[in-house]
Amino acid sequence: MPYSHAPRPTTSDPVTGPLDIRLIVTDMDGTLLDDDKKVPRDLWETLARLRERGVLFTPASGRQYATLAEEFSEVADGMVFIAENGTYVVRDGEELSSDPLEPAVVARVTRIVRDLTAGGAEVGAVVCGKRSAYVERDDEAFLAEVGRYYVRHRVVEDVTAVDDDILKVALFDFGSAARTTAPALAPVAGTHQVVVSGEHWADVMNRTANKGAALRALQRELGITPAQTMVFGDYLNDLEMLDAADWSFAMANAHPDVVGRARHLAPSNNDNGVLRTVTRLLHL
């Protein structure tokens, strides 16, 4: 989403030749995708060129693994997906890492959401498991929002009774997640992460889970350094992964805190900022 701030000058130095980049990691919503949730039309050609160069392209998103795998189904062979805000990392259908919540935490967050809705708040919980996402609300407006990010979801009577490893609980607020939902989660914020991941979304995860932790584990496994890593993000759930790359880019439409954290500035998501930057710096 757009923000009103004066972007700081980019810190990018002139590049005279292709960088030694081995890993490109990008957020999806507000970063790679435009505001209509569309991928850039030249994405697939760019991915083919990156693969020829031996560069691994990795989506890192709050979205469900099944959603990411479907989006990239034609080119998914060998790709790594950092899903559910870093709580679930998968390559070729095989789990590389995960960081599930304890059932008691899921139950506590669920009670908070039920109390919010009983008090009139327009909020719904998405309990995000490895196999599926689970919701109790079945109204059309809520399910439409859930379907954007969780292609595999089920309406159940009690989300705390499902048999699945729960990676995070995502809360959708039809109003403002920062003003309503996040403050209501104060009882769990002392022991777990409460991350505002969008205007209407807040996520509850283990303190050890974030996109940055997932990225650093992937770098260790692949033998790739921060200097060989390029990262793009726009929102608060991208902060930690920006720290894991020397070539970290905030989108021009990014949250001010993200602009302040990144080393470089890229054009906005609506201006195809990720691919324009990759193509320019890697001389594709």
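- Although no hydrogens or angles enter the test, the distance criterion places no donor-acceptor pair under 3.5 Å between the side chain of Lys168 and the main chain of Asp203.
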Is there a side chain to side chain contact (heavy atoms under 4.5 Å, CB included) between Val231 and Thr26? Walk through the geometry before answering. CA-CA 6 Å; Val231 168; Thr26 180; over 6 Å; no
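- Side-chain atoms of Asp271 do not come within 3.5 Å of backbone N or O of Pro267 as any donor-acceptor pair.
- Proximity of Val55 to Ile24: side-chain heavy atoms (C-beta onward) are separated by under 4.5 Å at one or more points.
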Please evaluate residues Asp158 and Thr160 with respect to the criterion side chain to side chain donor-acceptor pair (under 3.5 Å), reporting the C-alpha separation (whole Å), side-chain torsions for both, the decisive distance (0.1 Å), and the verdict. CA-CA 5 Å; Asp158 182 0; Thr160 67; 2.6 Å; yes
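- Pairs passing the ring-ring contact (aromatic ring centres under 6.0 Å, His included) check and including a residue from residues 42-69, sequence neighbours excluded, read Trp44-Phe72, Tyr65-Phe81.
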Would Val127 and Glu136 count as a side chain to side chain contact (heavy atoms under 4.5 Å, CB included) if you check the C-alpha gap in whole Å, the side-chain angles of each, and the deciding distance to 0.1 Å? CA-CA 9 Å; Val127 172; Glu136 293 177 350; over 6 Å; no
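- There is a side-chain donor-acceptor pair under 3.5 Å between Gln64 and Thr67.
- A donor-acceptor pair is defined here as one N or O able to donate and one able to accept, closer than 3.5 Å; such a pair exists between the side chain of Thr87 and the backbone of Glu84.
- Judged by distance alone, with hydrogens and angles left aside, the side-chain atoms of Arg220 form no donor-acceptor pair with the main-chain N or O of Leu215 at under 3.5 Å.
- A donor-acceptor pair under 3.5 Å links the side-chain atoms of Arg53 to the main chain of Leu282, judged by distance alone.
- Here the closest heavy-atom approach between residue Gly233 and residue Val258 is recorded as O-CG1, 3.8 Å.
- No single ILVMFWY cluster, assembled from side-chain heavy atoms under 4.5 Å apart, contains both Tyr150 and Val162.
- Connection of Val113 to Val135 is not established within any shared hydrophobic cluster, with ILVMFWY side chains joined at heavy-atom distances below 4.5 Å, either directly or through further cluster members.
- In this model, no donor atom of one side chain and acceptor atom of the other lie less than 3.5 Å apart for Thr225 and Gln219.
- Note: the hydrophobic cluster containing Val89 does not contain Leu101 (ILVMFWY, side chain heavy atoms under 4.5 Å, direct or indirect links).
- In this structure, Leu167 and Ser98 have side chains that are in contact, with non-hydrogen atoms separated by less than 4.5 Å.
- Closest approach of Ala214 and Gly86 over heavy atoms only: CB-O, 3.7 Å.
- For the atom pair CG of Leu265 and OG of Ser248, the computed distance is 10.5 Å after rounding to the nearest 0.5 Å.
- Tested against His200, the residues Phe172, Phe142, Tyr235 include a single ring pair (Phe, Tyr, Trp, His ring centres under 6.0 Å) partner, Phe172.
- Residue pairs satisfying the side-chain hydrogen bond (donor to acceptor under 3.5 Å, both in side chains) criterion with at least one member in residues 170-195, sequence neighbours excluded, are listed as follows: Asp173-Thr181.
- Expressed to the nearest 0.5 Å, how far OG1 of Thr46 lies from CG of Leu43 amounts to 6.5 Å.
- The shortest non-hydrogen separation linking Pro100 to Asp165 is CB-CB, 4.3 Å.
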Go through Glu70 and Arg63 one step at a time and tell me if the salt bridge (charged side-chain N to carboxylate O under 4.0 Å, His left out) criterion holds. CA-CA 11 Å; Glu70 180 179 275; Arg63 291 175 177 234; over 6 Å; no
Check the pair Trp201 / Val126 against side chain to side chain contact (heavy atoms under 4.5 Å, CB included), numbers first and verdict last. CA-CA 10 Å; Trp201 289 96; Val126 184; 4.0 Å; yes
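- Side-chain atoms of Thr117 come within 3.5 Å of backbone atoms of Arg114 as a donor-acceptor pair (strictly under, hydrogens ignored).
- Met230 is connected to Val274 through a chain of hydrophobic side-chain contacts under 4.5 Å among Ile, Leu, Val, Met, Phe, Trp and Tyr, so both are in one cluster.
- When hydrophobic clusters are built by joining Ile, Leu, Val, Met, Phe, Trp and Tyr residues whose side-chain heavy atoms come closer than 4.5 Å, directly or via intermediates, Leu171 is not grouped with Leu143.
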Using side chain to side chain contact (heavy atoms under 4.5 Å, CB included), reason through Val106 and Val159 one step at a time and then give a plain yes or no. CA-CA 9 Å; Val106 178; Val159 292; 5.5 Å; no
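- The minimum heavy-atom distance linking Gly198 with Ala177 is given by the pair O-CB, 4.2 Å.
- For the pair Thr229/Trp247, no side-chain contact is recorded, criterion being any heavy-atom separation below 4.5 Å from C-beta on.
- More than 12 non-hydrogen atoms from other residues, nucleotides or ligands lie less than 6.0 angstrom from NZ of Lys37.
- Asn269 and Asp34 share no side-chain donor-acceptor pair at under 3.5 Å.
- Applying the ring-ring contact (aromatic ring centres under 6.0 Å, His included) test to Tyr134 and every residue at least two apart in sequence or in another chain returns nothing.
- Remark: side-chain polar atoms of Arg51 are paired, donor with acceptor, to backbone N or O of Val75 under 3.5 angstrom.
- The two atoms that bring Pro59 and Leu68 nearest to each other are CB-CD2, 4.4 Å, heavy atoms only.
- Taken to the nearest 0.5 Å, the CG atom of Asp35 stands 7.0 Å off from the CG atom of Asn253.
- Counting only heavy atoms from C-beta outward, the side chains of Val80 and Leu56 approach each other to under 4.5 Å.
- Separating the OG atom in Ser61 from the OH atom in Tyr149 is a distance of 9.0 Å, to the nearest 0.5 Å.
- Side chains of Asp234 and Phe249 form no contact here, defined as non-hydrogen atoms less than 4.5 Å apart.
- Sorted by first and then second residue, the pairs that involve residues 94-110 and meet salt bridge (Lys or Arg N to Asp or Glu O under 4.0 Å), not counting sequence neighbours, are Glu95-Lys130.
- Residues Thr58 and Met79 have side chains not in contact (no heavy-atom distance under 4.5 Å, counting atoms from C-beta outward).
- Side chains of Val25 and Leu23 form a contact here, defined as non-hydrogen atoms less than 4.5 Å apart.
- Residues Val90 and Leu96 fail the side-chain proximity criterion, which asks for heavy atoms closer than 4.5 Å.
- With rounding to the nearest 0.5 angstrom, the NZ atom of Lys38 is 13.0 Å from the CG atom of Asn270.
- Remark: Asp139 engages Arg137 in a salt bridge (charged side-chain N to carboxylate O under 4.0 Å, His left out) (not counting sequence neighbours).
- Remark: Glu145 engages Arg148 in a salt bridge, criterion side-chain N to carboxylate O under 4.0 Å.
- No side-chain donor from either of Asn237 and Asn210 sits under 3.5 Å from a side-chain acceptor of the other.
- If you take CG on Leu236 and OG on Ser197, they are separated by 9.0 Å, rounding to the nearest 0.5 Å.
- Considering all non-hydrogen atoms of both residues, Ser132 and Asp164 come closest at N-OD2, 3.4 Å.
- Salt-bridge check for Asp27 with Lys211: passed, with a basic side-chain N closer than 4.0 Å to an acidic carboxylate O.
- Taking Asp92 as the reference, nothing meets the salt bridge (charged side-chain N to carboxylate O under 4.0 Å, His left out) condition, with sequence neighbours excluded.
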